[in-house]
Amino acid sequence: MPTKPKNKQKIDSRFRLDGRVAAIVGGGGDIGAAAACAITDAGGSVALIGRNIDRLNESAAAVEQFGAEPLIIKADARNQNEIRAACNDVIDTFGKVDILFNNAGITSPKTIFDLEPDEWNNIIETNINGAYNAIRFFGQEMIKNKYGRIINMGSILSGRGMATRSAYCASKAALANLGSATAFELGEHGITVNTIGASVIVTNLNRDLITAQPELYSQIIKRTALGRLGQLEDVTGTLVFLASDAARYITGQTIYVDGGYTAG
């Protein structure tokens, strides 16, 4: 006879986030808003953190349609003092933090010879140093409660290269390895750390870039088994899963959400 599981929790409830508090660094823009809405819809509370207050307000308006009121915090992921203060604001408001989504990220479609040092540094500081700052402060709060879910927004370029994306590739590869390393450091405290290796996700912010480089994105689509670019819903399902108790034994991984781009 098969051994009956000791935990009789219903399967559906394991995917819920009721009572959980999520901090979304990079909470403005389409992915930030979609993540906040998905977490809210699953029962969680959210804090939207970012440096563009207008975009944060747009994300907040989307969350409010679910009958919730998110916390809005203007802070730059690159600035340790601002992220420390943001973490304190989350704790003061909700009393804890359970989920950290490191979503702050930028890129520049230039060759390494055209990419100026300031542009390179800005991409590295935002995409990897920003995650480092957030994990340091929010992770310490998670340790206190012996529970946490840290999810980094990586890319299909976390594990491979692409022309005109040198700084982005470097930062996303570093982000995935940061996730693996911190998974070992935080695992004993009941905290998981994973990276979403997303393909190109179509948003309002990158539509012009996609239109401006049709040959590049046509090649991506041809290589993708499902034959299309990603949609916001493709990312948020994985995000909620990794944030839930259903994924409690998954850590240190890069989960590719790419329609099969990296399969071959």
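Atom set for the values below is all heavy atoms of this structure, side chains included, hydrogens, waters and symmetry mates excluded.
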CA sep, side-chain torsions, deciding dist, call: Y217, Q213, side-chain contact (heavy atoms from CB on, under 4.5 Å):
CA-CA 7 Å; Y217 290 97; Q213 295 183 303; 3.9 Å; yes

From CA spacing to verdict: side-chain contact (heavy atoms from CB on, under 4.5 Å), N102, L100
CA-CA 6 Å; N102 280 315; L100 169 64; 3.7 Å; yes

From CA spacing to verdict: side-chain contact (heavy atoms from CB on, under 4.5 Å), F138, I83:
CA-CA 9 Å; F138 286 95; I83 293 302; 4.2 Å; yes

Decide side-chain contact (heavy atoms from CB on, under 4.5 Å) for I221 and V200; before the verdict, give the C-alpha distance in whole Å, the side-chain angles of both, and the deciding distance to 0.1 Å.
CA-CA 9 Å; I221 291 171; V200 178; over 6 Å; no

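How far NZ of K172 is from CE of M162: 13.5 Å, rounded to the nearest 0.5 Å. Within the model, atoms CD1 of I220 and CD1 of I156 stand 5.5 Å from one another, a figure rounded to the nearest 0.5 Å. Taking CG from N194 and CZ from F241, the interatomic distance works out to 9.0 Å, rounded to the nearest 0.5 Å. Rounded to the nearest 0.5 angstrom, N127 CG and N103 CG are separated by 10.0 Å. Y168 contributes atom OH, which lies 14.0 Å from atom CH2 of W120 (distance to the nearest 0.5 angstrom). A distance of 9.5 Å separates CD1 in I151 from CD1 in I24, rounded to the nearest 0.5 Å.
With 3.5 Å as the limit, one finds no donor-acceptor pair spanning the side chains of D208 and T211. For the residue pair N81/R84, the side-chain donor-acceptor check at 3.5 Å is satisfied.
Residues R149 and R248 have side chains in contact (heavy-atom distance under 4.5 Å, counting atoms from C-beta outward). No side-chain heavy atom of E82 sits under 4.5 Å from any side-chain heavy atom of N133. Contact check for R160 versus Y261: side-chain heavy atoms found under the 4.5 Å cut-off. Using a 4.5 Å heavy-atom cutoff, the side chains of I196 and L242 are in contact. Taking 4.5 Å as the limit, every side-chain heavy atom of S199 sits out of range of all side-chain heavy atoms of V257. You'll find the side chain of I143 reaches within 4.5 Å of the side chain of H189, heavy atoms only. You'll find the side chain of L216 stays beyond 4.5 Å of the side chain of I210, heavy atoms only. Looking at I150 and L186, their side chains come closer than 4.5 Å, going by heavy atoms from C-beta outward.
Across T182 and L178, no two heavy atoms sit closer than the pair OG1-O, 2.7 Å. Between S171 and I124, the shortest heavy-atom contact is CB-CD1, 4.0 Å. Among all heavy-atom pairs drawn from M142 and I191, the shortest one is CB-CD1, 3.5 Å. Counting all heavy atoms, side chain and backbone alike, I49 lies closest to A23 at CD1-CB, 4.2 Å. Closest approach of L239 to A35, counting heavy atoms only: CD2-CB, 3.4 Å. Scanning all heavy atoms of the two residues, the minimum distance from A167 to L115 falls at CB-CD2, 3.7 Å.
Grouping the Ile, Leu, Val, Met, Phe, Trp and Tyr side chains by contacts below 4.5 angstrom, directly or via other members, places I250 with M153. Following chains of ILVMFWY side-chain contacts shorter than 4.5 Å, one can reach I31 starting from I99, so the two form part of one hydrophobic cluster. By the criterion of side-chain heavy atoms lying less than 4.5 angstrom apart, applied directly or through intervening Ile, Leu, Val, Met, Phe, Trp or Tyr residues, F101 is not grouped with I135; the two fall into different hydrophobic clusters. Linking Ile, Leu, Val, Met, Phe, Trp and Tyr residues whenever their side-chain heavy atoms come within less than 4.5 Å places L17 and F15 in a single cluster. Both V193 and V25 are members of a single hydrophobic cluster when ILVMFWY side chains are connected at heavy-atom separations under 4.5 Å.
Judged by distance alone, with hydrogens and angles left aside, the side-chain atoms of Q140 form a donor-acceptor pair with the main-chain N or O of R136 at under 3.5 Å. The closest donor-acceptor contact from the side chain of D30 to the backbone of L232 lies at 3.5 Å or more, if one exists at all. Not one N or O on the side chain of N177 forms a donor-acceptor pair closer than 3.5 Å with the backbone of A174. Between the N122 side chain and the D118 main chain, no donor and acceptor come within less than 3.5 Å of each other. With hydrogens and angles disregarded, no donor-acceptor distance shorter than 3.5 Å links the side chain of T111 to the backbone of T164. In this structure a side-chain-to-backbone donor-acceptor pair under 3.5 Å is present from S244 to A246.
Contact check on K96 versus D98 returns a salt bridge, with a Lys/Arg side-chain nitrogen under 4.0 Å from an Asp/Glu carboxylate oxygen. Looking at K110 and E119, a side-chain N of the basic residue comes within less than 4.0 Å of a carboxylate O on the acidic one, giving a salt bridge. Looking at D41 and R16, no side-chain N of the basic residue comes within less than 4.0 Å of a carboxylate O on the acidic one, giving no salt bridge.
Relative to the six-membered ring of Y147, R20 meets both conditions, a distance below 6.0 Å and an angle of at most 45° to the axis.
No more than 12 heavy atoms of other residues, nucleotides or ligands lie within 6.0 Å of NZ in K222, so this atom counts as exposed by the packing criterion. For CD of Q231, the number of neighbouring non-hydrogen atoms (other residues, nucleotides, ligands) closer than 6.0 Å is greater than 12.
D258 is linked by a side-chain hydrogen bond (donor to acceptor under 3.5 Å, both in side chains) to T262, counting only residues two or more places apart in sequence or in another chain.
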Exercise answer: donor-acceptor pairs, residues 52-67 side-chain atoms, under 3.5 Å, sequence neighbours excluded:
from, atom 1, to, atom 2, distance (Å)
N52, OD1, D54, N, 3.1
N52, OD1, R55, N, 3.1
N57, ND2, I53, O, 3.2
S59, OG, G27, O, 2.7
S59, OG, R55, O, 3.3

